[in-house]
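Within every chain, numbering begins at 1; the chains are lettered A, B, ... in the order of the sequence lines, protein sequences first and strands thereafter. Heavy atoms only: backbone and side chains are in, while hydrogens, waters and symmetry mates are out.
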Amino acid sequence: MIKEKLKLVEKEEVAKNVYKFTMEGSQIPSQCTPGRFLHVQAGDGRAMLLRRPISISAADERTVVIIFRASGAGTEAIASVRIGDTIDVFGPLGQGFPMLEDGTALLIGGGVGVPPLYFLAEELVKNGVSVKAVIGFRSAEDVFLEKELRHLGEVEVTTENGSYGTKGYVTDAALLKSAFTTFYACGPKAMLRPLQDTMDAPGYVSLEERMGCGIGACFACVCDKKEGGYVKICSDGPVFEKGVVQL
Amino acid sequence: MIKEKLKLVEKEEVAKNVYKFTMEGSQIPSQCTPGRFLHVQAGDGRAMLLRRPISISAADERTVVIIFRASGAGTEAIASVRIGDTIDVFGPLGQGFPMLEDGTALLIGGGVGVPPLYFLAEELVKNGVSVKAVIGFRSAEDVFLEKELRHLGEVEVTTENGSYGTKGYVTDAALLKSAFTTFYACGPKAMLRPLQDTMDAPGYVSLEERMGCGIGACFACVCDKKEGGYVKICSDGPVFEKGVVQL
Amino acid sequence: MSRLKTVLPGLDMKNPVMPASGCFAFGAEFADLYDLSLLGAAAVKAATPEPRRGNPVPRVAETDSGMLNAIGLQNPGAKAIKADHLNHCGQAGIPVLANIAGTSIDDYCEAASVMADAPEVGALELNISCPNVKEGGIQFGNDPELAAEVTRAVCNISNKPVYVKLSPNTGDISAIAKSVEKAGASGLSMINTLIGMRLDTETGKPILANKTGGLSGPAVKPVAIRMIYEVSQQTDLPIIGMGGISSVEDIIDFFSAGASAVAVGTANFQNPFICPELIEQLDEWLARRQIAHVSDLTGRSWKSCGVPSL
Amino acid sequence: MSRLKTVLPGLDMKNPVMPASGCFAFGAEFADLYDLSLLGAAAVKAATPEPRRGNPVPRVAETDSGMLNAIGLQNPGAKAIKADHLNHCGQAGIPVLANIAGTSIDDYCEAASVMADAPEVGALELNISCPNVKEGGIQFGNDPELAAEVTRAVCNISNKPVYVKLSPNTGDISAIAKSVEKAGASGLSMINTLIGMRLDTETGKPILANKTGGLSGPAVKPVAIRMIYEVSQQTDLPIIGMGGISSVEDIIDFFSAGASAVAVGTANFQNPFICPELIEQLDEWLARRQIAHVSDLTGRSWKSCGVPSL
Ligand SMILES: Cc1cc2nc3c(=O)[nH]c(=O)nc-3n(C[C@H](O)[C@H](O)[C@H](O)COP(=O)(O)OP(=O)(O)OC[C@H]3O[C@@H](n4cnc5c(N)ncnc54)[C@H](O)[C@@H]3O)c2cc1C
Ligand SMILES: Cc1cc2nc3c(=O)[nH]c(=O)nc-3n(C[C@H](O)[C@H](O)[C@H](O)COP(=O)(O)OP(=O)(O)OC[C@H]3O[C@@H](n4cnc5c(N)ncnc54)[C@H](O)[C@@H]3O)c2cc1C
Ligand SMILES: Cc1cc2nc3c(=O)[nH]c(=O)nc-3n(C[C@H](O)[C@H](O)[C@H](O)COP(=O)(O)O)c2cc1C
Ligand SMILES: Cc1cc2nc3c(=O)[nH]c(=O)nc-3n(C[C@H](O)[C@H](O)[C@H](O)COP(=O)(O)O)c2cc1C
Ligand code: FES
Ligand code: FES
């Protein structure tokens, strides 16, 4: 957990209002693992006090990649940063995805839930695990990371309006009925809930919540556990084993 | 009175923390006259709501020049704007310096009170008026606009610590005792007060006050008149004939 | 723009947006910038019975996403205002909401009776909350009894509807609101400024000559929204909402909280063209979402049915 | 750093800077980031007699230069806190200011008696102001009698000094302050959060599940400064100042207003390293101006002599 000014070295609009930022730093990148997130300052932090949690979509020793939708004032401010400028980042935070050692992983992502799964896919493939992915979007113009994921394994795209791939939600995808060892899912609660309730295989879900501190100190992001008690999404998660949390 | 995004085309640090900005626009520049000012937005205007009043230091049909000290959060934010970027400006505001048609003008400026006098000097010289200037600063490293003013007439520099030119305040300058038709002064109240009280010649003083609206609507910037009643510095001034306002 | 037409007691407005009192003087300066007839109404600067010189300068100071003012109700007095200053709004044909201030009930009544008589004035706005004037204002706004008393007195002598402008510097704003409703108010304006102070860090002394000032701007919007949310459920009076409005989204939020019209104050200093700009954006915002009338949004934060949820 | 050493009732501190209650939990998370022994003290999360689950999420929302929270006093209960959560501060050797909350006087006393017994605790901080809990808190903070009653009861059973944390949601904060002073308080903490609300513009509904929340951050600093300026002239109690502190200049302003120590809340979320950073900057700020001791600045906004004017 380091606070560092990362330098924006590459910037690309990968879908409508969705930006891919490649950032350089000396400390944060090397600590990044799939499923963890960065707490990113928006603007100069004077009018917007709270950092924005954004998942890590790739990382190596010197660079880290995030992919995010510019959907509000904060993410728009972040999207307006120019190449060569720095971004104030605190991280990496949270507990990431547990790794598989063998078998087949099914990755299920909705919208901006897809970015962390790409990082996971890369690492799984490095581990010798086979990877299949279901990624869901609103419509054809919103699709991103499809090509990159296809390099790593089979991919099924769903769109709500059917303008590309399978029509419907990720839960309508054919791949969900294929064989796999473990699933990993990231997206809105409405997507995770049916997955947690209906999937037979073991798996992990990655959650979102509005956050204050990002390190477990403010109790903004609690989520009830099924068996009583609670977890903090920022520090105990955002990734939880299937069946642990109430969705 | 126009609200326009001016484009920063030239930027120079003319003395320690003092910046000269040359800005381009299609509407504001052509309306600028000496003594009027611009109401400049600092940053994105979200954390800092109030515009900063800055005098016009030069202008032609397409460009306008301001010179300002980065002395607080707002002027520092303005100073950090990069060439090619735009600045949200409202103006020109206020009543400028009345012009002389002949004779000799003595210009007296302290610190960031010097910039509007440069614009005035240019216009006076165009009118065929002779110009002399006394400009006062804290110390040698703070001096600016000396060279430019020398192109237009005689200049005496004063510094408080004597590190350059005459030691003392502008009120200690020898030129104050020379012959001239009218004086024009701009600087802090502590400088204008003795000038208004002791100068025999006719003259004009340009005042500063904390402002809200800049157009006479909020009553933030009133100043009592000597003969009763009040003026608004933003809209009735900032320039007043000697003896009109209480300093 | 028929979806914007708003009729409140004394105020027949083509749209529900007006500049807030003290941020617009009497309109002369803004008439140079845009056509005042675009506005729904105009809340003009506070009138006191006698002319007031106001406080020494500095009178304003910036704070994070806000500002402090301690103008001290400088104004030429009710009679001069009525005689000389209402012509810009009058010519534009927009109703004036005449802000009234004073340091005693007699003061209020005196200023009110003058202003209520002006043909340009549609309604009075009783400023029982201005925190800048040492002897007056503040105690009226923080005491249900006193607030009712001054409201009753002014309503008795006024032939125009009376809006009471509530102070947020109180522990129970609903109590004040209910009390002035019973006393005869036709509407509420809320909120006035929060009392605040800024110091010069180097000298340690207050920046404002008056020491304290009134805090306004986006910083106070969450306080305003919560108070309107609460009060609109406790009274039947229409509410003119204000406190930090600087975007069309802000206007929507004030309606959702429970306002029936809005006033824009501090934002006029950053963008003097903001009122007509917001009026146009408001119409577009509603059109894009096919909302028949802006009043359909009033109170939708707490109403459970009969309003578009979007 | 001898110019920073600050001794207040129950709190023997090497410097006057502490994290504010609710923004630091019990220190475990921050102990991973920096050496807690750098802090002057630590105001820990509110303790209630029984464990509390708090409010549904969302619990936080951003506002301009501020934020709203409605955590709802989630905590494991006083006994568990005393047994399991004070070790990080204890090992660092910094005094704990134990925040106490409840919904009745008995509640307060029960939590207070447990916490006052913990050896790590230097003093209690009576949260009579938390605006998030429906049945409790708010009425104590807005009524001088009730505030005195709970203060007296807790002082009676506590063997540690009691600081009362005042609510800004009141029309007369000095009345509350004077009342709790008479009732036996050893100090004041001010201010707690202002009640606020943010709506989702599209749906019109409150963002926080609890609907209202407490407003904190730089937006409220002018309100905090003005209240401390006022109260510090009306009581002899030392004041722990808070509300929007995020820079060393802010700390100076709180001292100038009348504080004897400060707490940093919301700013910990933007920069979790801020407390030790500010402590170092505070020492430098004083050194550069040759101020012998930070306490020389206390109240210099209103004191007319005997303090450096710089
Ligand atoms: C662990 C985690 C990982 C995430 N990873 C990604 C990612 O890789 N790519 C991506 O595009 N988005 C991601 N999000 C969602 C992202 O944080 C929000 O879209 C973003 O905070 C919205 O900020 P804004 O300024 O656009 O919106 P605003 O509405 O202006 O934000 C106001 C406040 O609400 C909070 N907020 C609003 N929406 C959300 C949300 N959905 N989740 C959490 N906080 C919210 C903001 O953080 C801010 O504090 C992630 C969220 C979490 C919790
Ligand atoms: C008519 C006029 C012309 C001016 N011309 C120039 C110029 O040409 N060059 C230049 O360097 N400065 C000029 N000034 C002063 C300049 O406006 C202030 O230095 C500037 O506003 C300070 O802003 P800040 O963000 O640095 O300070 P901050 O302290 O962060 O400002 C906080 C608030 O106080 C106001 N404020 C602070 N100091 C002053 C001041 N001295 N006068 C007015 N408002 C102040 C700011 O506008 C802002 O609203 C002029 C002022 C006036 C009134
Ligand atoms: C400079 C200034 C002067 C004001 N003068 C008055 C006044 O005379 N009477 C009044 O009732 N309110 C006055 N107000 C308060 C505003 O009308 C409004 O209630 C408050 O500023 C909140 O709105 P805002 O955040 O949009 O400014 C004044 C506000 C400002 C900033
Ligand atoms: C997330 C959060 C939780 C808080 N919890 C408590 C609490 O449990 N008890 C309390 O007295 N104050 C609590 N507060 C109030 C702070 O201690 C502080 O008084 C207030 O936030 C103002 O300071 P700031 O602007 O620096 O945050 C909380 C504040 C925040 C932001
Ligand atoms: S965001 Fe603070 S505990 Fe999770
Ligand atoms: S700044 Fe508003 S009247 Fe001068």
Side-chain angles (χ1 to χ4, degrees), chain C residues 61 63-68 138 141-143 167-172 194-206 211-213 215 217-230 244 246 248-250 252-257 289 297 299-303 307-310, chain D residues 61 63-66 68 138 141-143 167-172 194-206 211-213 215 217-230 244 246 248-250 252-257 285 289 297 299-303 307-310:
Chain C
T63 68
D64 280 46
S65 294
M67 67 172 280
L68 296 167
I138 184 65
N142 189 25
D143 180 326
S167 165
N169 302 292
T170 177
D172 187 353
L194 280 158
I195 311 177
M197 179 182 272
R198 182 173 168 185
L199 303 178
D200 179 309
T201 303
E202 288 299 327
T203 66
K205 298 294 176 194
K211 299 194 175 85
T212 60
L215 181 64
V220 309
K221 181 185 159 192
V223 175
I225 291 286
R226 167 251 155 179
M227 288 185 166
I228 293 172
Y229 172 86
E230 189 183 306
S246 70
V248 66
E249 288 80 13
D250 292 334
I252 304 298
D253 290 348
F254 275 82
F255 271 87
S256 300
R289 288 160 184 82
L297 301 178
R300 110 195 127 115
S301 59
W302 50 266
K303 284 182 189 163
V307 284
S309 74
L310 304 187
Chain D
T63 68
D64 280 48
S65 294
L68 296 167
I138 184 64
N142 189 25
D143 180 326
S167 165
N169 302 293
T170 177
D172 187 354
L194 280 159
I195 311 176
M197 178 182 273
R198 181 172 167 186
L199 302 178
D200 179 309
T201 303
E202 288 299 328
T203 66
K205 298 293 176 196
K211 299 195 175 86
T212 61
L215 181 65
V220 309
K221 181 185 159 192
V223 175
I225 291 286
R226 167 249 154 179
M227 288 185 165
I228 293 171
Y229 172 87
E230 187 183 306
S246 70
V248 66
E249 287 79 15
D250 293 332
I252 303 299
D253 290 347
F254 274 82
F255 272 85
S256 300
W285 198 96
R289 289 161 183 81
L297 300 179
R300 110 193 128 115
S301 60
W302 50 266
K303 283 183 189 163
V307 284
S309 74
L310 302 186

Can you find a heavy atom in the side chain of [X] that is under 4.5 Å from one in the side chain of [Y]?
X        : Y        : answer
D:Met227 : C:Met197 : no
C:Arg289 : D:Glu202 : yes
D:Leu199 : C:Ile225 : yes

Winner by heavy-atom pair count (cut-off under 4.5 Å) against chain D, out of C:Ser301, C:Ser256, C:Pro218: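 Option with the greatest count: C:Ser301.
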Winner by heavy-atom pair count (cut-off under 4.5 Å) against chain D, out of C:Asp250, C:Leu215, C:Asp64, C:Asp172: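 The answer is C:Asp64.
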Among D:Pro222, D:Gly244, D:Gly196, residue most engaged with chain C (heavy-atom pairs, under 4.5 Å):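 The residue among D:Pro222, D:Gly244, D:Gly196 with the greatest pair count is D:Pro222.
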Atom group of D:Ala224 that falls short of 4.5 Å from chain C, counting heavy atoms: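 D:Ala224 has no heavy atom closer than 4.5 Å to chain C.
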Stacked cation flag D:Arg300 on D:Trp302, 6.0 angstrom / 45 deg: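 Geometry flag: not set, cation outside 6.0 Å or 45°.
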